[in-house]
Amino acid sequence: KKKIAVMTSGGDSPGMNAAVRAVVRTGIHYGCDVYAVYEGYEGLLRGGEYLKKMAWEDVRGWLSEGGTLIGTARSMDFKQRWGRKQAAGNLISEGIDALIVCGGDGSLTGADLFRHEWPSLVEELVADGKFTQAQVDPFKHLTIVGLVGSIDNDMSGTDSTIGAYSSLERICEMVDYIDATAKSHSRAFVVEVMGRHCGWLALMAGIATGADYIFIPERASVKGKWEDELKEVCSRHKSKGRRNITVIVAEGALDNELNAISADDVKDVLVDLGLDTRVTILGHVQRGGTAVAHDRWLATLQGVDAVKAVLEATPETPSPLIGINENKIIRMPLVESVKLTGSVATAIEARDFDKAISLRDPEFIE
Ligand code: F6P
């Protein structure tokens, strides 16, 4: 009987529970045993009770739950080879040789490395006397399948990551609340949003709430010039009778000399313009709460496909990443997507924005 493990890793994102639910139930539907790894890679290292065999009813009601019910952790030990060896031993002990990981690019890169090292880790476990050759013979290869769970929507090759639209929804709701008080007092608000090195959340939230100005890593705000432009735009909007001013700043916003542009930097400029200004850093409210419908169906369809990908995998197939392109669920080589995601960061650092944007596009993945 095929045994599959599913885990969530890195920062939690709304929709991760829907993904785990889909994997558990699809796996059972296809006659597999499905294990949930609790606490991300930490749980893989600890083994035993952290690897729990899931029944159909164990995931009942999970579609509408926020966060990740099986836990997540940013494990330092899994980054070490000894940690991965221990994890391999724990999987073999349970008879598991397929792992579906829902996480960001760092977590997925770790998973792919684990797969590549697997044969030598298994050899070492035999040499260490942990297993006999006969015990490890059925576990020659580890199958890895990736699902992208992140609010940042920063993965190349997929139109949306699981959790991004929920976070966007939450941000818009919060900005609407802020706008109400801002209008009452004729104030300006600078709202900092998450997204790490990616401006998607800031850009989409800015468009959806009609913000006056948006700072994102992918647009060069020229040092010494953006201040004047910001003042000009806000003055223009004010002169048209707008009572409030809303500026959205992505946490990763940079100027053309790679200096961070913080919410406080922006506030200083607005104060200089004579505006009564407040800063709101939304923080982790952007990650909590229930998943919007988009993330629930995305996670469900991708979870189903992840199990199919496990069942169709051969030792030769590169580890697939399940994505979405133009409303179709697609598979692409995980390493390619991770590599392009890394190149986006490099392109942004080089202030080559056209390249950065094009590298996020799926057509670049073979
Ligand atoms: O990657 C998701 C994310 O929420 C980013 O937007 C943010 O920069 C980071 O995680 C925050 O990490 P932590 O929860 O560890 O503070």
Side-chain angles (χ1 to χ4, degrees), residues 7-19 39-43 66-79 101-111 146-175 190-206 208 214-218 248-254 258 260-264 279-292 294-295 298-299 321 323 337-338 340-342 344-345 348-349 356 360:
M7 62 183 267
T8 53
S9 175
D12 60 281
S13 69
M16 280 183 161
N17 293 319
E39 315 304 342
Y41 286 120
E42 274 303 310
T68 165
L69 291 164
I70 59 172
T72 181
R74 300 195 201 273
S75 167
M76 297 317 284
D77 290 344
F78 191 78
K79 291 195 171 145
V101 181
C102 182
D105 61 343
S107 308
L108 299 175
T109 312
L147 294 172
V148 200
S150 169
I151 61 164
D152 301 336
N153 208 8
D154 56 351
M155 194 68 147
S156 288
T158 186
D159 291 347
S160 64
T161 56
I162 296 169
Y165 276 94
S166 302
S167 180
L168 176 60
E169 192 66 37
R170 207 118 301 132
I171 294 169
C172 290
E173 204 182 330
M174 298 301 151
V175 174
V190 185
V191 182
E192 186 193 287
V193 305
M194 282 184 170
R196 222 177 271 267
H197 308 296
C198 180
W200 188 86
L201 282 173
L203 181 62
M204 295 302 154
I214 306 166
F215 289 91
I216 54 171
E218 295 87 343
I248 307 230
V249 186
E251 63 177 351
L254 302 167
L258 300 180
I261 298 177
S262 71
D264 281 331
V279 168
T280 303
I281 296 176
L282 291 183
H284 287 75
V285 292
Q286 297 164 86
R287 253 178 34 201
T290 66
V292 297
H294 174 92
D295 285 325
L298 180 67
L321 186 76
S337 180
V338 168
L340 287 181
T341 305
V344 171
I348 289 175
E349 283 200 356
R360 287 215 174 105

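For ligands, and for the atoms within them, numbers begin at 1 and follow the listed sequence.
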Exercise for review: Distance to 0.1 Å, residue and atom name: give those for the protein heavy atom nearest to atom 16 (O) of ligand 1.
Suggested key: His284 NE2, 3.4 Å

Review point. Would a 4.5 Å heavy-atom cut-off, applied to side chains only, mark Val191 and Leu282 as touching?
Key: yes

Exercise for review: May I ask you to list the atoms of ligand 1 that are less than 4.0 angstrom from any heavy atom of Glu251?
Suggested key: 5 (C), 6 (O), 7 (C), 8 (O)

Review point. Do Thr72 and Met16 have side-chain heavy atoms sitting under 4.5 Å apart?
Key: no

Point to revise | Intermediate values then yes/no, side chain to side chain contact (heavy atoms under 4.5 Å, CB included), Met194 and His284 | key: CA-CA 8 Å; Met194 282 184 170; His284 287 75; 3.6 Å; yes

Exercise for review: Report the nearest protein non-hydrogen atom to atom 11 (C) of ligand 1: residue, atom name, distance rounded to 0.1 Å.
Suggested key: Arg287 NH1, 3.6 Å

Review point. Should the proximity of Arg74 to ligand 1, defined as any heavy atom under 4.0 Å, be assigned to the side chain, the backbone, both, or neither?
Key: side chain

Practice item. Do me a favour and list the nearest non-hydrogen protein atom to atom 5 (C) of ligand 1 with residue, atom name and distance? Key: Asp152 OD1, 3.5 Å

Review point. For ligand 1, is Gly195 a contact, meaning one of its heavy atoms is under 4.0 Å away?
Key: yes

Review point. What is the nearest protein non-hydrogen atom to atom 9 (C) of ligand 1, stated with its residue, atom name and distance?
Key: Arg196 NH2, 3.5 Å

Check your understanding: Got Ser107 and Tyr41 here, is their nearest side-chain heavy-atom distance under 4.5 Å?
Key -> yes

Practice item. Might you confirm whether atom CD of Glu169 has over 12 heavy atoms from other residues, nucleotides or ligands at distances under 6.0 Å? Key: no

**Study point:** Evaluation steps, side chain to side chain contact (heavy atoms under 4.5 Å, CB included), between Ser166 and His294
**Key:** CA-CA 8 Å; Ser166 302; His294 174 92; over 6 Å; no

